[in-house]
Structure formats: C-alpha cells, structure tokens
Amino acid sequence: MEVARALLGKILVHSDTGPGRGKERWAAARIVETEAYLGTNDPAAHAYRGVTPRTQVLFGPPGHAYVYLIYGMYHCLNVVTEADGTAGCVLIRAAEPFANLNGSASGPGRLTRALRIDLAHNASDLTRGPVTIREPATSEKFETAVSPRIGIREAADWPLRFYIRGNLHVSGPRGVRD
DNA sequence: GCTATGATCATA
DNA sequence: ATGATCATAGCA
C-alpha cells in the first residue's frame, strides 16, 4: 500500500532480449495507476485462500512479479511487496506509453498486452529483468489520488486504488480520473 | 477427471 | 448486456 503509492510515476521496462535472437526488443511505460491487495486479510486478494500453486509467489520474497491469466485472454501484472512468508502485492492497472509501446496501456489487460508480458514472466525478479521497474529519468510532479478498487466483488470499497490525478491514461469504466 | 469462474475488454 | 477463452481451484 505504501508501495502502491510509491510505484506511481515509476518507469516499467520490458527488455525482451531473447538468447539467439537477433535484435533487442524493449518497451517502457510510466505507471499511472496501481491497486493494492493485502494478504490473507483481504477477501479480494488471491492470497486470501492461502497458498496454492498459483499464489505461492505472493508469499515469496518481495520485488518479484506475479502474473496470471484472467478471463482466458488477459494477463495481469503484480508486484510482490511483503517479506518472504507474508502475502501482499500491488496490481499495475495502467501506464502511460513511454517508448516502443504497441497500443494503449490503460487497464491491466491492455498494459500487459502492450508490454508483451505473459505467464512466462510470473515469479521473475523485477530487479534483474527481463521486466524491471526503474526510477524515472525526468520526474514530473503529479498529484496522487485514491479511490475504491475496480473489477472485484469482495471488499471493492477498500480505498486501495492509487492513480495520478488527471492523467489521461488512467483506466476506469467510468473514466475515474479525478 | 470434470466444471465453474474470474483483479478484463471490445462490441452491440 | 454479452461474448471471447483458459488456467486455476474445488470437488467427485
């Protein structure tokens, strides 16, 4: 939750350098919207029902990616935030295209599609790549806003969604930007 | 083994 | 409001 706020404005980079591949592919986007999921105390969190093959990474060391497939067609990217043994993550909901993005990154599904992130990146170390989160080179000032979470039924009213107020790339069915 | 379902999005 | 589409979880 501290992390969710801190991630706003950071640069999400995916350098897709395949061994044996010819040229390096990479893309970068500025995070403009995040959503926090607490651990076993949060009914909306995947970790709520305890450790499973899918959620084990949530209980692992922080700084790792938790990627899963939703609705059979979209991926969601999370950052594990809590210490090893404790669950907790931040869902990256939207980003502003920064470089080499193909298409929009407004929304969890679109974001992963634009950055070409999939199940292969699950449990990968976000400090070592291929997917990394970096400090912005030129930091623009912005105002952080908070709102209820989106797209869930349980505990949706929790004010755990953070976004950059007024940013055009923030997602939300109702265009919640301020 | 089998079935229900979802932290979504595009289309009508 | 509905459909696309499949990994996961829960149950038999």
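If you're wondering where the values come from, they're calculated on a predicted model, not measured in any experiment. A note on names: the letters A, B, ... follow the listed sequences, proteins ahead of strands, and every chain is numbered from 1.
- Smallest separation of non-hydrogen atoms from A:Val57 and A:Ala123: CG2-CA, 3.9 Å.
- The two residues A:Ile70 and A:Cys76 make their nearest non-hydrogen contact at CG2-SG, 3.9 Å.
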Note, DNA chain C 5' to 3' with Watson-Crick or G-U pairs under 3.5 Å encoded as ( ), [ ], | and . gives ||||.||||||.
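- Closest approach of A:Lys10 and A:Pro136 over heavy atoms only: CD-CD, 4.0 Å.
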Under-3.5 Å N/O pairs linking protein and nucleotides 10-12 of chain B:
| from | atom 1 | to | atom 2 | distance (Å) |
| --- | --- | --- | --- | --- |
| B:dA10 | OP1 | A:Arg110 | NE | 2.9 |
| B:dA10 | OP1 | A:Arg110 | NH2 | 3.1 |
| B:dA10 | OP2 | A:Arg110 | NE | 3.4 |
| B:dA10 | OP2 | A:Arg110 | NH2 | 2.6 |

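- Straight-line distance from the CG atom of A:Leu91 to the P atom of B:dG6: 17 Å, rounded to whole Å.
- Position along DNA chain C of the nearest nucleotide to A:Asn122 versus A:Tyr71 favours A:Tyr71 as the more 5'-ward residue.
- Residue A:Arg5 qualifies as open at atom CZ: its count of foreign heavy atoms under 6.0 Å is 12 or below.
- Where DNA chain C meets chain A (any atom under 4.0 Å from a heavy atom), the bounding nucleotides read 5' to 3' are C:dA4 to C:dG10.
- The existence of a salt bridge linking A:Glu35 and A:Arg149 is excluded, since no basic side-chain nitrogen approaches an acidic carboxylate oxygen closer than 4.0 Å.
- Using a 4.0 Å heavy-atom criterion, one finds that A:Gly72 contacts the bases of the nucleic acid, with or without backbone contacts as well.
- In this structure, A:Gly109 and A:Arg153 both approach DNA chain B, and ranking their closest nucleotides by distance from the 5' end singles out A:Arg153.
- Among the candidates A:Ile92, A:Leu91, A:Val67, the single residue satisfying the side chain to side chain contact (heavy atoms under 4.5 Å, CB included) test with A:Asn78 is A:Leu91.
- Across all non-hydrogen atoms, the minimal contact from A:Asn122 to A:Ala65 is OD1-O, 3.5 Å.
- Here the shortest heavy-atom pairing between A:Ile11 and A:Ala28 reads CG2-CB, 4.0 Å.
- Partner of A:His14 under the side chain to side chain contact (heavy atoms under 4.5 Å, CB included) criterion, chosen from A:Leu77, A:Val131, A:Thr112, A:Asn100: A:Val131.
- Hydrophobic clustering places A:Ile117 together with A:Leu7 (ILVMFWY residues linked when any side-chain heavy atoms are closer than 4.5 Å, directly or through intermediates).
- Scanning all heavy atoms of the two residues, the minimum distance from A:Ala145 to A:Arg165 falls at CB-NH2, 3.7 Å.
- Separation of the C1' atoms belonging to C:dT2 and B:dT5 is 16 Å when rounded to the nearest angstrom.
- In this structure, OH of A:Tyr48 is placed 17 Å from C1' of B:dG6, rounded to the nearest angstrom.
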